[in-house]
Amino acid sequence: MTVCTRYAPSPTGSLHIGNVRSGLFAWLYARHNGGRFILRIDDTDQERSTRESLEEIVASLEWLGIDWDAGPPDRRYFQSSRFDRYREAAARLLREGKAYPCYCTPQELEAKRRQAEREHRKPGYDGTCRDKPYPPELALPDRAGGRNYTIRFRSPRDGQTVVEDLVKGHSVFQNSELDDLIIFRSDGVPTYNFATVLDDADFEITHVVRGDDHLPNTPRQIQIFRALGLTPPAYAHLPMVAGPDGKPLSKRHGATSVFAYRDAGYFPEALLNYLARMGWSHGDQEIFSKRELIEYFGFDACGKSPGIFNPEKLLWLNFHYLKERTPAQLAREVIPFIERRGYQVPGDMAWIEKMVATLRERAKTLVELVDFAHFYLSDDIRIDPKAAAKFLKPEIAQPLGALASAIAALPENCGESAVQQVFEQVLARFGMKLGQLAQPVRVALTGGTVSPGIYEVIAVLGRSRTVARLNRAIAQIGA
RNA sequence: GGUCCCAUCGUCUAGUGGUCAGGACACCGGCCUCUCACGUCGGUAACGCGGGUUCGACUCCCGCUGGGAUCACCA
């Protein structure tokens, strides 16, 4: 039997990184085994599902390089297009006495729950309608009819249901703990646990890979599989990802969506590598290409305990992938970020490459890189007053002037070695050390005390811009 | 509260009865150096507690404690 896994997000918001990790693991498992990976859209909740969310999910997955063998835009993989199938299955269960109508109102149920809680009993459904007679051909609730009953699954009262999980191991649930859950709402919409079972069965999912928040649902789903005469799939429940405070990862922890990381200048390789590496390991290896991830992945190497999201490590990985890129590649990728930051995008790709090459080891994301490139991308640089006070003193005006005129004699696109020669001449003439001249020059050219090597900066800036900034600084000293 | 899951440095983890408990991020220090980085060398830092089993437990069993998930006409 060929392995088939699925990822089934509901299009009710952004694609969350904790959530997409489950998808990633499911995808890795399928690819590792040469199997199929299905993207299914759990949109039974028509109220909350939106087209924008769906588009974001699809785009996020594509950006990460997680591809699917079946799924959108094929409508067959949307739950909303499978309602007939769910109705048919529910009607069958009803006929066979494996499900029954429940006439309790939401208000009554709510009252019972509160009552049970007060009396320290389990809050589950008490089975009020379980044994009431009903006509075997009773109609299912439907959207138009607005019937005043729901359909509940008649779950076995005795015995136990065992979940053999590929990551969590063996878990036993007493059937007496499991109440009769609603499989069809009074508005004719099937509920999650029911629709999921039918989807997993119909699409021939062999391994259900998902977050361990679904573990308590699993015995119920197994029972539904059995009631339908179907064999349940294998399960792999992955531990969840928490924020730095140990609480479930959410908006208040900052960026949580895949898009947020993309827009913050992270690379898909870094995010993928990071997500894979939390909750899964392969010895001491930290850096994994997609190819390696697929080759090494397995549930036996997945941890059972929840992980805490560590933004610093993600940043480090991103830095790794940034350094690994060629300047040409980086130059291409940085352009949208230059644009977004409001700079005029330089037309000369070779120049952008040169610029990027000097910044590559100083920025951890594309956004940081553009921030750092301000003095390259704009002539509107502001000289930091503290830096000026420290390095742009009257006695440096003369050496700066000498340097300016020497550079003025160079060709526009002088190389680093020519710049170095000029520096050495000026240094010798004034009996200065490199540090004494480099810092003032740095302040004059970049506005601050931190930048790439000063020869590189000049080589990238070019003769005219360098000389202009030098002269401006000299003028400022004189003033 | 019931049920289920989990437990090695601050964080991600290696470890499957005998290790000075290893690696990575972060942090601290040295070196490199025109600044900042990069790089490099080194350092601080962990088996939650209590019982067993065993010649010997981080590793196996039980209990405790602590965390988490879940108990909807959401998914």
Side-chain angles (χ1 to χ4, degrees), chain A residues 8-10 12 42-45 47-49 79 102 104-106 109-110 113 116-117 119-125 141 149-152 163 165 167-169 171-174 176-179 181-193 195-196 211-219 237 239-240 242 244 246-248 274 277-287 301 303-317 319 323 359-364 372 387 391 423 427 433-443 446 448-455 457:
Chain A
S10 56
T12 52
D42 279 14
D43 61 348
T44 50
D45 188 345
E47 297 290 298
R48 295 193 301 147
S49 296
Q79 288 188 326
C102 171
C104 301
T105 65
L109 293 171
E110 179 57 30
R113 245 193 310 277
E117 216 156 299
E119 294 169 13
H120 300 290
R121 299 188 339 262
K122 341 177 205 201
Y125 180 62
Y149 53 86
T150 59
I151 304 298
R152 280 187 191 271
V163 178
D165 195 88
V167 353
K168 298 281 187 172
S171 305
V172 181
F173 295 81
Q174 296 304 321
S176 54
E177 295 293 335
L178 273 19
D179 64 351
L181 46 67
I182 292 174
I183 57 176
F184 243 80
R185 313 195 318 201
S186 55
D187 63 359
V189 175
T191 57
Y192 168 77
N193 281 297
T196 288
D212 67 7
D213 51 336
H214 286 282
L215 195 49
N217 284 330
T218 307
H237 286 97
M240 309 280 286
K247 299 290 174 201
Y274 180 74
R277 191 57 192 70
M278 91 172 312
W280 172 81
S281 61
H282 182 71
D284 283 338
Q285 190 170 340
E286 295 288 350
I287 306 293
K304 298 176 176 187
S305 47
I308 289 177
F309 183 75
N310 182 197
E312 318 253 62
K313 189 150 183 179
L314 207 209
L315 209 49
W316 172 77
L317 275 166
F319 184 43
K323 280 185 295 184
L359 262 19
R360 198 159 43 152
E361 280 163 355
R362 277 160 252 261
K364 290 180 163 45
F372 216 128
F391 295 109
F423 261 75
L427 255 22
K433 292 175 121 177
L434 180 53
Q436 295 173 289
L437 183 59
Q439 274 309 79
V441 171
R442 194 182 318 276
V443 173
T446 72
T449 55
V450 172
S451 86
I454 199 66
Y455 306 144
V457 169

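The chains referred to below are lettered A, B, ... by the order of the sequence lines, with proteins before strands, and numbering in each begins at 1.
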Given A37(B), is OP1 or OP2 found less than 4.0 Å from the side-chain N or O atoms of Lys364(A)?
-> no
Any stacking of His237(A) on A69(B), going by centres under 5.5 angstrom and planes within less than 30 degrees?
-> no
Donor/acceptor link under 3.5 angstrom from Ser186(A) side chain onto base of C73(B) = yes
Same-atom distance (P) from G39(B) to A24(B), integer angstrom | 13 Å
Does Arg113(A) have a side-chain nitrogen or oxygen under 4.0 Å from the phosphate oxygens OP1 or OP2 of A72(B)?
-> yes
With a 4.0 Å cut-off on heavy atoms, is Lys433(A) in touch with a base, just the backbone sugar-phosphate, or nothing at all?
-> nothing
Shortest non-hydrogen pair, Pro452(A) vs Val457(A), comes out as O-CG2, 3.6 Å
Kindly assign one of parallel, tilted or perpendicular to the pair Tyr192(A) and His214(A), based on the angle between their ring planes and the thresholds 30° and 60°.
-> tilted
Short side-chain N/O contact to A75(B) OP1/OP2 from Thr44(A), under 4.0 Å | yes
Nearest to the side chain of Arg185(A), which nucleotide is it out of C5(B), C74(B), U3(B)?
-> C74(B)
On RNA chain B, nearest-nucleotide positions of Arg442(A) versus Cys102(A): which is more 5'?
-> Arg442(A)
Between A75(B), A72(B), A7(B), which one does the side chain of Ser305(A) approach most closely?
-> A7(B)
Could you pick out which residue, Asp179(A) or Gly303(A), lies toward the 5' side of RNA chain B when each is mapped onto its nearest nucleotide?
-> Gly303(A)
At under 4.0 Å, does any side-chain N or O of Ser451(A) touch on OP1 or OP2 of C36(B)?
-> no
Taking NZ, NE, NH1 and NH2 as the nitrogens, is one of them in Glu361(A) or Lys323(A) under 4.0 Å from a carboxylate oxygen of the other?
-> no
Partner of U70(B) under the Watson-Crick or G-U wobble criteria, both distances under 3.5 Å, comes out as G2(B)
Partner nucleotide of C27(B) by Watson-Crick or wobble geometry (both distances under 3.5 Å) | G43(B)
N or O in side chain of Lys247(A) less than 4.0 angstrom from G68(B) OP1/OP2 | yes
Tell which nucleotide pairs with A57(B), taking only Watson-Crick or G-U wobble pairs whose two distances are both under 3.5 angstrom.
-> none
When we call it a touch if two heavy atoms are under 4.0 Å apart, what does Glu312(A) touch: a base, just sugar-phosphate, or nothing?
-> sugar-phosphate
Gln285(A) (side chain) and G23(B) (base): donor-acceptor pair under 3.5 Å = no
Does Arg152(A) make a cation-pi contact with Tyr125(A) (under 6.0 Å, within 45 degrees of the axis)?
-> yes
May I ask which nucleotide in the shown strands pairs with C36(B), Watson-Crick or G-U wobble, both distances under 3.5 Å?
-> none
Nearest to side-chain heavy atoms of Arg362(A), which nucleotide of C36(B), C71(B), C4(B) = C36(B)
Is the shortest side-chain N/O distance from Lys168(A) to OP1 or OP2 of C5(B) below 4.0 Å?
-> no
